[in-house]
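Structure, as structure tokens:
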Amino acid sequence: MKTTLPNPAGIISSAGAHALRCVHCGVVQATTDRMFRCHECSELVEVIYPEWSGAGREFGLRLKEIWRERKASTLPEDQSGVWRFRELLPQVDGKHIVTMCEGNTPLLRLTAAARALGLPNLMVKHQGMNPTGSFKDTGISAAISVARSQGFSIVCCASTGNTSASVAAYAARAGIKSIVLLPAGQVTSGKLAQALEYGAHVLQLHTDFDGCLTVLHEVVNKFPAYLLNSLNPYRLEGQKTVAFEMMEQLDWQAPDHVIVPGGNLANSSALGKGFLELQQLGLIRSLPKISIIQAAGANPLVRTMRENGGTELIRVNAETRATAIRIGNPASWRKAATILKTTGGACEDVTEKEIAQAKAELGAEGVGCEPASAATLAGLKKLVHAGFVKAGESAVLVLTGHMLKDVDYMLSDQVKRVYGPMDAAPATVIKTLETIYAGN
Ligand SMILES: *Cc1c(COP(=O)(O)O)cnc(C)c1O
Ligand SMILES: [Zn+2]
């Protein structure tokens with residue numbers, strides 16, 4: 001491993017050379033089986049970059065310049081909020097890159113919620129503003145580009161909805177076929193409609209998400225389709241770029257806390273990996289504490305951390321209206337447990353009522369998101385009350401999905417501030433408005 005870097009430009013061209021390392025036993029391998037499991041112990045693997053892992057701050061500073069320059073470029077891979085950071089991604093030939101300008105999402109300041117919690121620096125990173133409306137696009141852009149460079153013509157996934165929407169769209173852009181396995185009756189109509197619109201082959205199974213993923217394992221072993229679930233380590237390389245983008249938006253001052261919802265538990269570790277790499281390159285001084293929030297009805301990680309400190313997964317039967325995190329047997333629990341420990345983050349669960357309340361509060365600030373995303377604000381409130389997040393600290397909530405992904409959720413609650421149907425007469429309307437604003 002290099003410890004000094006005389007010529008940062010020299011390694012920039014080879015920076016994306018990578019290997020895969022087991023997150024459990026640490027064995028480094030060039031390839032894995034089609035399920036991305038370690039040869040030795042069958043645990044998951046992560047991408048590592050021996051070319052620059054010891055490169056340090058000089059290399060980091062050069063990257064910062066390159067990334068800034070690319071913002072003025074008109075090349076598709078430079079306009080992508082993922083591929084703009086390609087020195088820290090697996091090397092993929094430009095002709096295989098599949099991009100729709102993913103990433104590039106806003107960092108918005110909250111006001112009412114910030115005041116209520118005594119956190120003046122409370123922000124949301126809105127990943128629902130991606131091309132298909134969830135953070136999954138950043139991961140799928142990376143992984144499907146790798147799939148294409150390896151010559152695959154069919155990709156597949158099991159999904160609670162958003163992965164299928166993203167896979168279907170990116171496969172369509174790439175001109176390759178996509179197969180998605182969904183739990184029948186458990187995917188919101190918005191997400192299902194997306195997968196259909198983009199031309200995926202949609203198979204609805206009589207099981208839950210965890211059941212779909214189990215079936216998919218068998219399918220991938222016997223059928224030549226490339227797996228795009230978050231077991232795929234290349235997906236997480238795309239997803240980690242949210243940390244890079246967030247730090248650019250915060251002028252490289254890491255917040256005290258970053259809070260994410262946890263389902264299959266890969267996104268939390270991707271985020272953590274991004275921050276760790278920035279720290280390794282000297283681009284941020286301290287790591288934010290990364291906290292993970294689950295729904296009380298789908299809280300395997302919360303129970304695992306509480307009951308055995310993260311050594312052995314405790315599965316649950318998942319039940320929550322926040323369908324994107326309705327997962328009882330999360331594949332990446334070990335990666336998530338490691339990130340909690342490395343960054344000193346907390347792991348909490350929140351009730352259905354707390355999620356609905358938090359979602360309404362975000363909505364009242366003009367910030368829409370899907371229920372799973374709102375779990376972050378609900379969780380933050382608990383962490384503030386527990387004293388884990390302290391007054392005056394800065395926090396970023398990662399909003400993972402777009403509000404319009406789950407319209408039924410909002411309409412099924414009591415609908416406030418809707419009046420009528422009434423006579424279509426100006427006098428009737430004015431009278432109603434006078435009643436509404438009486439006393440104001
Ligand atoms: C996929 C998804 C999650 C969960 O992410 P994991 O990596 O599975 O933990 C949370 N929110 C939304 C909107 C999602 O689409
Ligand atoms: Zn191993």
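Whatever order the structure lists them in is the order used to number ligands and atoms, beginning at 1.
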Legend entry - G401 neighbourhood, listing ligand 1 atoms whose heavy-atom distance to it stays under 4.0 Å: 13 (C)
Legend entry - ligand 1 N/O within reach of A324 N/O, cut-off under 3.5 Å: no
Legend entry - Under 3.5 Å: donor-acceptor pair, side chain of N232, backbone of N229: no
Inset, instruction - Answer with side chain, backbone, both or neither: which part of T160 has a heavy atom less than 4.0 angstrom from an atom of ligand 1? - result: neither
Inset, instruction - Please assess F135 against H126 for the test ring-ring contact (aromatic ring centres under 6.0 Å, His included), listing each intermediate value before the final yes or no. - result: CA-CA 9 Å; F135 74 83; H126 207 324; over 10 Å; no
Legend entry - Close N or O approach (G262, ligand 1; < 3.5 Å): no
Legend entry - Side-chain (E43) to main-chain (R37) donor-acceptor, under 3.5 angstrom: no
Inset, instruction - Below 4.0 angstrom from a heavy atom of E370, which ligand 1 atoms are there? Numbered from 1 as shown, please. - result: 13 (C)
Inset, instruction - Could you point out which residue of R68, K125, K71 forms a salt bridge (Lys or Arg N to Asp or Glu O under 4.0 Å) with E248? - result: K71
Inset, instruction - Check for a donor-acceptor pair, side chain of R235 on one end and backbone N or O of G139 on the other, with a separation under 3.5 Å. - result: no
Legend entry - Metal site the Zn ion (ligand 2): N/O/S of H24 inside 2.8 Å: no
Inset, instruction - To the nearest 10 degrees, could you say what angle the Zn ion (ligand 2) makes with SG of C22 and SG of C38? - result: 110°
Inset, instruction - Give the minimum heavy-atom separation between L44 and K335, together with the two atoms involved. - result: CB-CE, 4.0 Å
Inset, instruction - For the residue pair F152 and Y226, categorise the inter-ring angle as parallel (less than 30°), tilted (30 to 60°) or perpendicular (more than 60°). - result: tilted
Inset, instruction - Without swapping roles, check the side chain of D256 against the backbone of S394 for a donor-acceptor pair under 3.5 Å. - result: yes
Legend entry - Plane angle bin for F244 and W67 - parallel if under 30°, tilted between 30 and 60°, otherwise perpendicular: parallel
Inset, instruction - Among Q279, Q280, K273, find the one that has a side chain to side chain donor-acceptor pair (under 3.5 Å) with E277. - result: K273
Legend entry - Within-cut-off N or O pair, T400 and ligand 1, under 3.5 Å: yes
Inset, instruction - Please write down residue, atom name and distance for the protein heavy atom closest to atom 7 (O) of ligand 1. - result: N267 N, 2.8 Å
Legend entry - Interfacing atoms of ligand 1 (cut-off 4.0 Å, heavy-atom, G263): 4 (C), 6 (P), 8 (O), 9 (O)
Inset, instruction - Please write down residue, atom name and distance for the protein heavy atom closest to atom 5 (O) of ligand 1. - result: F135 CZ, 3.5 Å
Legend entry - N162-ligand 1 polar pair, N/O distance under 3.5 Å: yes
Inset, instruction - Taking only heavy atoms of A372 into account, list the atoms of ligand 1 that are under 4.0 Å away from them. - result: 11 (N)
Legend entry - Any N/O pair S230/ligand 1 closer than 3.5 Å: no
Legend entry - Atoms of ligand 1, numbered as shown, that sit under 4.0 Å from any heavy atom of N264: 6 (P), 8 (O), 9 (O)
Legend entry - Sub-4.0 Å atoms of ligand 1 with respect to non-hydrogen atoms of A266: 6 (P), 7 (O), 9 (O)
Legend entry - Cation-pi geometry met for R321 and Y409 (6.0 Å, 45°): yes
Inset, instruction - Report yes if some N/O of I327 lies less than 3.5 Å from some N/O of ligand 1; otherwise report no. - result: no
Inset, instruction - Would you mind checking which non-hydrogen protein atom is closest to atom 2 (C) of ligand 1, with the distance to 0.1 Å? - result: K136 NZ, 2.4 Å
